[in-house]
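Below is one structure, written out as C-alpha cells, with a few remarks after it.
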Amino acid sequence: DNSSRDFDWLDTMWRRTLISSNSERMIGKLFSISVNIPAFLERFPDAKLLYMIREPLNVIPSGLSLVTGVLDSVFGFWDLPEKKRQFYINRLYNALIELQLRFHEDWVNGRIDKEKVMIVKYDSMMSNFEGLINDVLEFIEHEPSQDFLDQVSKMAEKQRNYKSKHKYDLKKFGLTEEKIRKDCAKIYETFFNE
C-alpha cells in the first residue's frame, strides 16, 4: 500500500498548482484512488469525488482493448503465443473486475462518505449531460459562469448525437457476456437495477 506516499505527492503537486494558478480549487482526474477512497477522504477531508460508473459489458472490453492495443503497438502483443496472451488477458480482466468490486464493497458497507462521493453513470452523461452537470455543480457547490453554461449546452448537443464507433469482440479476449454479468453481478444489482 503506497497510498501515504502517493497522497503526499498529490498534496505537494496540488499545492504548487493552486499557488501558481492563484486558485482555490483543484480538479483532478484520478484513476488510482478508486480502490482506496476511504483513505483518500480521510487524508483530504474537503475533497468531493465524482465516481464514474459504466455498464461492465462496455467498460471491461473497453479497458482490455485499450491496454492490449498499447501493448500491441509497443510489443506486438497479438503476435505472442495464444497461451501467453490469454494468461495476461485473464489477469487484466480479473484486475478490472477487482477495481469495481472494491469500490462496490466500500460503497455498500458504509466505508465511503456518500456526502463526499457522487456516482456518475456514463449513460446519464451521454443522454442527459446538462442535467448531470447541474447535479455536479450543486454537489461541488460551484456557481458557474454563463460562458460555462453555454459550453455545457453545446457539449450536451454533441453528447446526445454521439454514437460510439467501438465494437468489441468478447471472443477476442476469451470472454462471454454471461461471464461478465456473473462476475459483476454485485455491480449490476447495486448500480444498474433501477
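Residues take their numbers from the sequence shown, with the count starting at 1. Only a predicted model underlies this, so the values are computations on that prediction, with no experimental measurement involved.
A 4.5 Å side-chain heavy-atom check between His104 and Phe191 finds at least one atom pair inside the cut-off. Considering only heavy atoms from C-beta on, Leu49 stays 4.5 Å or farther from Met118 through its side chain. With a 4.5 Å cut-off on side-chain heavy atoms, Arg102 and Glu98 count as touching. Contact check for Arg43 versus Asp8: side-chain heavy atoms found under the 4.5 Å cut-off. Between Ile89 and Leu175, the closest side-chain pair of non-hydrogen atoms is not below 4.5 Å. Looking only at side-chain heavy atoms (C-beta outward), Ile37 and Tyr51 come within less than 4.5 Å of each other. With contacts defined as side-chain heavy-atom distances shorter than 4.5 Å, the pair Ile53/Ile187 qualifies. Residues Asp113 and Val117 form no side-chain contact, since every pair of their non-hydrogen atoms from C-beta on lies 4.5 Å or further apart.
Hydrophobic clustering (ILVMFWY, side-chain heavy atoms < 4.5 Å, transitive): Leu149 and Ile140 are in one cluster. Put simply, Val108 and Leu41 are part of the same group of oily side chains (I, L, V, M, F, W, Y) that touch within less than 4.5 Å, one to the next. Hydrophobic clustering (side-chain heavy atoms under 4.5 Å, transitive across Ile, Leu, Val, Met, Phe, Trp, Tyr) keeps Phe87 apart from Val70. Cluster membership for Val74 and Leu64, using ILVMFWY side-chain heavy atoms within less than 4.5 angstrom, is shared. Hydrophobic clustering, with ILVMFWY side chains joined whenever heavy atoms are under 4.5 angstrom apart, groups Ile112 together with Leu30.
Using a 30° and 60° split on the angle between ring planes, Trp107 and Phe103 fall in the parallel class, below 30°.
Atom CG of Asp72 sits about 9.5 Å away from atom CZ of Arg85, to the nearest 0.5 Å. Between the CG atom of Asp183 and the CD1 atom of Ile180 there is a distance of 8.0 Å, given to the nearest 0.5 Å. A distance of 9.0 Å separates CG of Leu71 from CG of Leu80, quoted to the nearest 0.5 Å. Distance check, rounded to the nearest 0.5 Å: NZ of Lys186 to CG of Asn193 gives 15.5 Å. To the nearest 0.5 Å, the span separating CE on Met13 from CH2 on Trp9 amounts to 6.0 Å. Remark: Thr176 OG1 to Lys182 NZ distance equals 10.0 Å, nearest 0.5 Å.
In this structure, Trp78 places its CH2 atom where more than 12 heavy-atom neighbours from other residues, nucleotides or ligands lie under 6.0 Å away. Around NZ of Lys114, the count of heavy atoms belonging to other residues, nucleotides or ligands within 6.0 Å exceeds 12. By the neighbour-count criterion of 12 heavy atoms within 6.0 Å, atom CD of Glu42 is sparsely surrounded, having that number or fewer from other residues, nucleotides or ligands. By the 6.0 Å contact criterion, CZ on Arg15 is open, its count of non-hydrogen atoms from other residues, nucleotides or ligands being 12 or less. More than 12 non-hydrogen atoms from other residues, nucleotides or ligands lie less than 6.0 angstrom from CZ of Arg25.
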(request) Tell me, with the steps shown, if Asn109 and Glu105 meet side-chain hydrogen bond (donor to acceptor under 3.5 Å, both in side chains). (result) CA-CA 6 Å; Asn109 290 309; Glu105 291 305 307; 3.3 Å; yes

(request) List the steps and the verdict of side-chain contact (heavy atoms from CB on, under 4.5 Å) for Val67 and Leu92. (result) CA-CA 9 Å; Val67 174; Leu92 180 56; 3.7 Å; yes

(request) Carefully, step by step, assess Leu50 and Ile119 under the rule side-chain contact (heavy atoms from CB on, under 4.5 Å). (result) CA-CA 6 Å; Leu50 304 176; Ile119 300 288; over 6 Å; no

(message) Run the side-chain hydrogen bond (donor to acceptor under 3.5 Å, both in side chains) test on Ser145 and Asp147 for me, step by step, so that the C-alpha distance in whole Å, both residues' side-chain angles and the decisive distance to 0.1 Å come before the verdict.
(response) CA-CA 5 Å; Ser145 68; Asp147 182 53; 5.0 Å; no

(request) Starting from the C-alpha separation in whole Å, work towards a yes-or-no answer on side-chain contact (heavy atoms from CB on, under 4.5 Å) for Phe44 and Asp11. (result) CA-CA 9 Å; Phe44 301 101; Asp11 187 60; 3.8 Å; yes

(message) The test is side-chain contact (heavy atoms from CB on, under 4.5 Å); show your working for Tyr122 and Met125 and say whether it passes.
(response) CA-CA 5 Å; Tyr122 179 83; Met125 181 180 72; 3.6 Å; yes

(request) For the pair Phe173 and Tyr93, evaluate ring pair (Phe, Tyr, Trp, His ring centres under 6.0 Å) and give the outcome as yes or no after the intermediate values. (result) CA-CA 9 Å; Phe173 301 112; Tyr93 171 80; 9.6 Å; no

(message) Using salt bridge (Lys or Arg N to Asp or Glu O under 4.0 Å), reason through Arg181 and Glu177 one step at a time and then give a plain yes or no.
(response) CA-CA 6 Å; Arg181 286 190 181 279; Glu177 181 176 330; 3.1 Å; yes

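The shortest non-hydrogen separation linking Ile60 to Ile97 is CD1-CD1, 3.8 Å. The heavy-atom pair separating Thr17 from Ser21 by the smallest distance is O-OG, 2.7 Å. Summarising the geometry of Arg54 relative to Ser62, their closest heavy-atom pair is NH1-OG, 3.9 Å, with the distance given to 0.1 Å. The minimum heavy-atom distance linking Pro38 with Asp106 is given by the pair CD-OD2, 3.5 Å. In this structure, Pro56 and Pro61 approach most closely via the heavy-atom pair O-CD, 3.7 Å. Smallest separation of non-hydrogen atoms from Glu24 and Leu18: C-CD2, 3.9 Å.
Judged by distance alone, with hydrogens and angles left aside, the side-chain atoms of Asn128 form no donor-acceptor pair with the main-chain N or O of Ser124 at under 3.5 Å. Using a distance-only test at 3.5 Å, with no hydrogens or angles considered, a donor-acceptor pair links the side chain of Lys116 to the main chain of Pro45.
Taking the ring centroids of Phe77 and Tyr88, they lie under the 6.0 Å cut-off.
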Tabulate below the donor-acceptor pairs under 3.5 Å that side-chain atoms of residues 129-137 make, not counting sequence neighbours, or state none.
from, atom 1, to, atom 2, distance (Å)
Glu130, OE2, Ser153, OG, 2.9
Asn134, ND2, Glu130, O, 3.3

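Remark: Lys48 qualifies as a cation-pi partner of Phe139 under the 6.0 Å distance and 45° angle criteria applied to the six-membered ring.
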